[in-house]
Amino acid sequence: MVVPVAYYLVLSAILFSIGVGAFLIRRNIITVFMSIELMLNAVNLTFVAFAHQWHRVSGQIFVFFVMVVAAAEAAVGLAIIISIFRARETLNVDNVNLMKL
Amino acid sequence: MLNETTLTLTILFPAAAALVVALLPSRGRVIQWFTLIASLIFFLLTLQFPAHFTYGQQGFQFEVNRDWIASPNIRYHIGLDGISLWLVALTGFLAPLGVLASWKAIDHHAKEFYFLFLLQQTAMVGVFVALDMFLYYAFWELTLVPMAILIAMFGRERGVQAALKFFVYTFLPSALLLVAILFLYARTGTFDFVQLQAMVSHGGSLFSERALYWAALGFLVAFAVKVPVFPLHGWLGDTFSEAPTAMAMVVAGKLGLYSILRFNLGLFPVQARQLAPWMIALAVIGILYGALVALVQRDMKRLAAYATLSGLSFCVLGIFCFAVSGVDGALYQTINEGIIGGALLILLGILYERYGTYEIAAYGGLAAHMPLFATLFVIVSLALIGLPMLNGFVGEFLILSGSFAGHTGWVAAATVGVILSAAYMLSLVQKVFYGGQSEMVREQPRPDLNFRENVTVWSMAVLMLVMGLASPVWTRAIDGAVVKLVQPASQAAIPCVLGPTPCVAVQQ
Amino acid sequence: MYLVLFILFGGLCVAGALNLLLQRHPINSALSLVVVMTSLAVLYLLLGAEFLAAAQVIVYSGAIMVLFVFVIMLLNAGEEERTFGSKAAYIVGFPGVAALICTLTIVFLSARHLGETRLGDSLVSVHDLSLVLFRDLLLPFEVTSVLILIAILGAVALARKES
Amino acid sequence: MMQIETGAQVPQVYRILPEVLLTITGVLIMLVEPLMPRGASRKPMGVLALLGSLAALFASFWQMGLPPGTAYYGVVQTDAFSVFFHVLITSIIVVSILVSLDTFDRKTENTGEFYALAVLGAVGMCIMSSAVELLLVFIGLEISSISTYIMAGFRKRSGKSPESALKYFLLGSFATAFFLYGIALTFGATGTTNISQIAALFRQSETPAFGYVAMTMILIGLGFKVSAAPFHIWTPDVYEGAPSPVVGLMSTAPKAAAFAVLLRIAYGAYPWLHAHWFLLIWLMAAISMTVGNLGALSQQNVKRMLAYSSIAHGGYLLVAFTALSREGIAAATFYTATYAATNVGIFAIVSHAGGYEERLNSITDYRGLAYRSPLLGGALALFLLSLIGIPFTAGFFGKFYVFAAALDSGVVWLTIFGLVNSGIAAFYYLRLLTSVYSKPMTEAQLATIPALKPSLLAALFVTVTATLILGIFPGRTLALARAGAATYAVSGSSTSVGTANFSLR
Amino acid sequence: MNGDPSLHLWLIPILPFIGFLLNGLVGRRLPKGLVSTIALIFTAAPLAMVALIAARFSSLTLPHVERLAAPWSSGSWILTSAFRVDFSFLLDPLTLVMLLVVTGVGFLIHLYSVGYMAEEEGYWRYFAYLNLFMFFMLTLVLAENFLLMFVGWEGVGLASYLLIGFYFMRSSAADAGKKAFVVNRIGDFGFLLAMFLLIGHFGSLSFSQVFPAIAAHPEWQGGFLTAIALLLLLGATGKSAQIPLYVWLPDAMEGPTPVSALIHAATMVTAGVYMIVRTHVLFDRSPFALGVVAIIGAATAFFAATIGIVQTDIKRVLAYSTVSQLGYMFLACGAAAYSAAIFHLVTHAFFKGLLFLAAGSVIHALGGEQDLRKMGGLRKATPITFWTMTAAVFAIAGLPPFAGFFSKDAILYESFLSPTAGPILWFVGLVTALLTAFYMFRLWYLAFFGERRELAEESHGHHAGGVHESPWIMLLPLVLLAVLSLTGGWIGIPEALGGSDHFAHFLEPVIAGQPHSSVEVTKQAAAEGSSVPQETAAARTPGKPARNTNQERLFSVVSVLMALIGWFFADLFYRRKPGLPEQMAERARALYLVLKNKYWIDEIYARFIVIPLLFISRYILWGAVDTGMIDGGGYLVAGSARGFGALVRRVQSGNIRSYAGWLALGAAALLLITYFGFVTHL
């Protein structure tokens, strides 16, 4: 009972793409932000899969760092969302289009 | 007295003066006087070169060749030869006149004006003396900037549009020029004109025929716009009508024509001959077209623009017929056009200062009020239409006579331009100065020329006469350089040299 | 058994992700994301990354997602409105996504020299991890502090109400 | 990129001295700032930041004397290349702080944080340019990105600034995910994330396809950061909304760092894939130039116009990448400096003229600026000319060098395309330029332009001087850029991989 | 060039130029007396020089060539390594004749002008221009090469332009000046092309190199020489107002009358004739060109004379008469009778100058009235004017022993001898002689006989008495010219009439032998064999009939008869039956209108050349090409760039999701390129 590493990779690709798709579909800024988190998680899976493939720890270390980065981004991102909510009273991305052309 | 730094000094002097202008207080006419003195000194500096020129010596004189940038291999290489000698002096000559012409016309922001004006002088001299392609291109582009800004700042009505048009028109083709220069550099590893010349003519393996042809075309298009040559003259009318006099005087002609001579003939003799039929045709069309369109203009400045197109096309014709006399004449005519066109524009500017319009129909019978002005205008018109004893004739005659043998039909057609030029210039003179006085002229009598204006235009008029009578003073240096330029690939029969017994080539 | 686990949790991942995509209420999306993350932690375990799996649950599901939920609640975000501000997202975006998924899948599946995974295969101990983390990658680890500093700073600066 | 063994042992901390100094400054500001009374001027913080970044600048210069080498287990490397970018980035920070000193003061309560963010962000950018470990690159990239996300949203009271931050943040993170995916695939293809080992290991990779995809993903991520088309789309909106001093910063420093990373990865990690990334970058360059210039053509908003211009300039810079030669690397490096000198200067003027409230938006608002203040007008003219590429300015020589390098390698069509594009570009710069020099419609509009402050004068002095020096006497800088480029050639020739394939065309 | 001491020929033109400069630059501030003194001195001085040269003429080696050693490089005017032109002057009998005419008549007319122009405002300007004219005319005459001749050629045109437009406030005057210049330019176009051809074939423009070169190559016939000759002819028709370029001369009468006398009668308009004679070497080699010259001459002579019949403006009558007389000279040239042409040129200068001056005196007397119909009965009021005018009318009508008789006679006879269509040319000339006599006597009768038909407006306030004789300074030149009109012809009385034909012999060194050379060539060619077909050779130079003394005398009688017939009709129409002309006009209304309207030539030129040209320029070249295509093309390019720009900006919708969509698409595109371009090739 073995699973090829490639399956993990495909799984991560699917998750990544769903993340991209969610970014395109969802209107709520927070959900959009969550879809980015999903993409990062998909990449993390790739890292772990390759770490397993190469038997190298550094792949897993990468995931730690990505977690840190994601946390930092979450803090900043949510702060930005709060600030835009204060300025615009909306969380709909479609309404955030003051600047165009 | 004349060491190798003089040429560098001549280039840098106006720029340095420009910096001083930027620091001077804008009080009274301090800036004007300073610029006038600076431009006179500049003129004297440029006169050093004809005074110390060694005739009959091949190659460049007053040469400076220093390291500038190690890699890419760019050098500070400047020098003069017979082609550029008098053009530099012409630049110097027109500088103080430009200041005088702007004395009153520029009534606001004199500091900006004279700063850019002086910068423009540096750029123009730089173009004429640069022997490193990079340096040349740098100066070439630099000439555009003060011009465009001044047009925008001091334009009559649509200065901004005219400035944009001028800039884009001339800047876009110089992109092609840069490509061509870079291409040459890529193949030869040098920007040095002298080395390039040798490599292009001997380095058969370095270049393919096609590549050289395209490179030459790239050069030519950029220059042709600047001259301008017939279908590329779209910018000229607007620029002439909007630009301040001192700038319009120097915008067309000499830079482009010099560059064609120096690079298209000097660097690509073979390709220039391949392109020649096209250029000859365009030149002849330009001569006739410019003259005919000038005939029906209602605005003096536009008339001047089309007259300039027509006049400069003569130079193009002369250059691309590759006869020694023709090319001599073309270069001589380039200088003439600088003076005549400059004088014409100064006169128009004077008129505009007094009446505030260039509309021909608004004028009439002006000669009664302003006889001196009328006299000068007629003299300049006569020079422009090529009356013998004035400079325009010598140039035109040399061009046409030199080129006639090789391109009889085209030159004969071009000669028709001689008739047309008389027609449009004299019509202008007649409508403006003669006949009954128009309402505007009758109701607003304006003073005749004052001392400053007299000095400005008379100095040019006298020069026209002197250049019409003593052309060898100028053509001597020109001829020395042109013979070398035309010789290399000139298989076409040059009319026989003069000897005790005329040699005769009977055709048929 | 291993395959079953993979399919089970892989499927859970995909289902969670799709649910995130389809739910119109942000809370539902957030909970779906928690499901994805937790399933991923199981997959990490399957790949031998024990410590990582724990960290995934604690940091991601525990901390980050709680933050998300907190903000959703704070801003009182309700069900999103149906707005149609963007046609481009569908017209150009979806072909893009489709191409993306196809290309990546084909590339991954056609790679011939990839290995296979078994249960309990190449477990990574904390010791191994810390050796790399605190020696070879010491500098990145330290630099991360700057990152966190900035994040704090930014969050404070942006979220503070201007008087 | 091979491991450069340090002959003389240098204390490791020397290798990251500028970063350390910047970090210390940032932390100091954060510590001191809360102690200052509310509502008091935060200028001392600015001065502190200025001093810190100046110290970092000198440290970067000082690093020039160090023998090239790596530190901390081979994750950072100081060489001529990294030093060049360190100097550039710290200089940009210095000038940007000078510009914001008066623009930001007392306008927002977060001024102190702004200085800290700028300085700490610079740490990330510096690290990006010296890191040879992709993990560190990623961390650096995030530091620089996050700090700019935040700074973009600093004018909270205006509607545009948070929107700008949001757009930048969401799309930036989106692109970062791609970049990260690229790193993951690189790791998958080679088993390492150390740039100096990738090139060698990739030769033995059993899954080279991952390498290709990885390079593409990295290009996507970095393409976004340098706003290269087709990933440029965020640029105009973000530039318009962000505070002007921040735009001056974010259009230069993070971009320079991202270009440094792109150079390192393309030439250092994936030289074997040059045929691949050559094609992609060729396309990106061509599209960037066109999109940037055409988009700017009829743009009325000055900041948006400059944003499009920045896209176009990214395109010019990418042309240098396609040269695939040492000259190309040097040209790209040099170009970042010339563009930075000009663009920081131009945004300094825009910041000053518009003030914190950004009163001047459209091109017509700038009418008569030269009459109101000849100095501002003159400097703006110079910068615009530099952007057009008029000789004796930095912009000209940068462009000249880039295209020379490209043509030297036989990239003819892209060169022609680029030069024609630069001709078209002249049009919109000139629109602003002529506007600046034409008579103002109303005096009132310009009366709001504040008097020149010493800090702005200093900033203008630095940028004008840099613009002219780089245009007239580029020799020194050029030599440095070439030395930086030489680090790649060294690695190419001495590693086992050999350079036959990568040999310069 | 030769052993003679320098005659300082260059001073002859330069002196009037100095006068021009003095008057032109400071004349405005000088009193009128000083202005005229300067002008007269600088005209008299060359006259004196010419007289001195004429006095020692026999002792000179001819031709005498002098090069002005200008102090600048090499003393040349134009100098390139392929070509040079010097300021060199030539003195030979032809030049001397022309110099004498120009300086002599010129001086007299200057004198006359002092009186005539006394009350004009631009007095100084007038004399400056007149001196300028003298400078250019003398340059033209003295020039030793084509180009210097061209200087004079264009220069006199300029002076003419300025003087015609002297009353510049009058639009018609300014218009006429412009017309004169532009039409002359058309001729100059031919001259220029001729010079280009000369340079192409000879490498030089110097007479002393071109002509010997032709002489040295007797085998050159026709071909390029015909081309050169015809182009020169085009130039000559412009300057000498021949068909088709004569249209400017009648209009040129807008200028002051002395100007018409000097420039448009005596000197400048004869430059074309002088030029043909000077370059006769070329024409001699081209029978075709000579034929064209003769036909143009004859046609013009007749054509202008017919118009002259019905003109009512006294100066216009004289103008058409001038055109007609110039036609005679061309006819003579065409018949290769160069000395006859020059002879007529000289006598014409006398009597036509006189006619104009006398007409000026009449106009002066009538306070500016020029309409013949309003004149009459001036015989009593202005006796001196009448008698001098009479001399001139007799001279032009060709009545012996007045000057015109001898010169016209010579022309008619020579044209009869002309190889191409001689008798026809002769007949046309003869009819023209009749017409000439008719219209001149018509003028004479209308102006001086009968009663004054209408009083002129009292324009001259202080001449309250109206008609008055002119002051002595105007009458003196009249008298002198009258004497010359009477006696001027005696220098060239042909042998047939008992004279010795001094004039022709004097000119012989210049034009000798040329007509024969072509005959010799034909002989040579014939002798050499069949290479030249006999017919062609014969057609080219049919032998001229030998001179026949009796025939010549007979012809003289016939021409005198013709003149008398003309006189008779004039007498009939305008003295005895004054109503007759109107009846005639009624009866032959069409013919009258044609003549009255000058064959509508001006209108035809306007309708078919000027208006279409302006139309094309304005609407096609400027409207369609310049504004439409060139500017429009620019705008099109700019517009399409903006259009693409708008497309680029459309993408910038401001919506984050759209942006992400584009990013995804871009990413996908790059990935697809990577996959299909590279990965599949692994």
Side-chain angles (χ1 to χ4, degrees), chain B residues 15 22 26 67-72 74 108-109 111-112 115-116 123 126 134-135 137-145 148-155 159-168 170-187 189 191 211 214 218, chain D residues 327 330-331 367 370-371 374-375 377-378 381-382 384-385 388-393 396-397 399-413 415-431 433-439 471-476 478-479 482:
Chain B
S26 325
D67 288 331
W68 182 12
I69 300 166
S71 175
I74 295 169
H108 60 103
H109 299 94
K111 181 179 279 190
E112 283 85 351
F115 176 82
L116 291 168
F134 176 86
L135 191 61
Y137 183 80
F139 281 123
W140 170 263
E141 293 276 85
L142 193 61
T143 57
L144 306 183
V145 178
I149 297 181
L150 287 179
I151 294 172
M153 276 183 90
F154 296 93
V160 174
Q161 286 97 313
L164 286 176
K165 199 171 180 185
F166 164 74
F167 196 90
V168 174
T170 40
F171 190 76
L172 255 179
S174 39
L176 297 180
L177 170 64
L178 185 56
V179 173
I181 291 175
L182 291 176
F183 167 75
L184 292 182
Y185 174 68
R187 289 298 161 86
F191 284 113
W214 285 107
Chain D
E327 289 293 316
R367 282 188 72 157
Y371 297 137
L375 186 68
L382 178 74
L384 285 172
L385 293 176
I388 294 173
I390 292 298
F392 304 113
T393 60
F396 172 69
F397 198 81
K399 218 176 267 180
F400 177 85
Y401 195 34
V402 163
F403 289 120
L407 205 61
D408 201 26
S409 308
V411 189
V412 180
W413 285 110
T415 307
I416 294 177
F417 197 70
L419 281 168
V420 170
N421 245 305
S422 75
I424 296 170
F427 184 77
Y428 58 84
Y429 294 124
L430 267 181
R431 266 193 329 147
L433 183 58
T434 50
S435 177
V436 165
Y437 274 95
S438 55
K439 286 163 211 146
I472 302 172
F473 302 110
R476 279 283 186 76
L478 211 53
R482 292 169 59 79

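Residue numbers start from 1 in every chain, and the chains themselves are labelled A, B, ... in the order their sequence lines are given, proteins ahead of strands.
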**Prompt:** Is there a side-chain contact between B/Phe171 and D/Ile390, using heavy atoms and a 4.5 Å cut-off?
**Reply:** yes
**Prompt:** What residue, out of D/Gly423, D/Ala426, D/Gly378, has the most heavy-atom pairs lying under 4.5 Å from chain B?
**Reply:** D/Gly423
**Message:** Taking D/Gly475's backbone N and O only, do any of them form a donor-acceptor pair with B/Trp68's side chain (distance below 3.5 Å, no angle check)?
**Reply:** no
**Prompt:** Looking only at heavy atoms, which two atoms of D/Pro391 and B/Ala138 are closest? And how far apart?
**Reply:** CG-O, 2.9 Å
**Request:** With ring pair (Phe, Tyr, Trp, His ring centres under 6.0 Å) as the test, would you mind laying out the steps for B/Phe134 and D/Phe397 before giving the verdict?
**Result:** CA-CA 10 Å; B/Phe134 176 86; D/Phe397 198 81; 5.5 Å; yes
**Interatomic distance, B/Glu112 atom CD to D/Tyr437 atom OH [nearest 0.5 angstrom]** = 6.0 Å
**Request:** Mind running ring pair (Phe, Tyr, Trp, His ring centres under 6.0 Å) on B/Phe191 and D/Phe400 for me, showing each step along the way?
**Result:** CA-CA 13 Å; B/Phe191 284 113; D/Phe400 177 85; 5.4 Å; yes
**Request:** Would you indicate whether the side-chain heavy atoms of B/Leu176 and D/Leu419 approach each other to under 4.5 Å?
**Result:** no
**Request:** Report the option among D/Val412, D/Val420, D/Thr415 that has the most heavy-atom pairs separated by less than 4.5 Å from atoms of chain B.
**Result:** D/Val420
**Message:** When you compare the side chain of B/Val160 with that of D/Ser435, does any pair of heavy atoms fall below 4.5 Å?
**Reply:** no
**Prompt:** Is there side-chain contact between B/Phe167 and D/Tyr429, with heavy atoms separated by less than 4.5 Å?
**Reply:** no
**Prompt:** Hey, what do you get for CG (B/Leu172) to CZ (D/Phe427), rounding to the nearest 0.5 Å?
**Reply:** 11.0 Å
**Asked** When rounded to the nearest 0.5 angstrom, what is the spacing between CZ in B/Phe139 and CZ in D/Phe392?
**Response** 4.0 Å
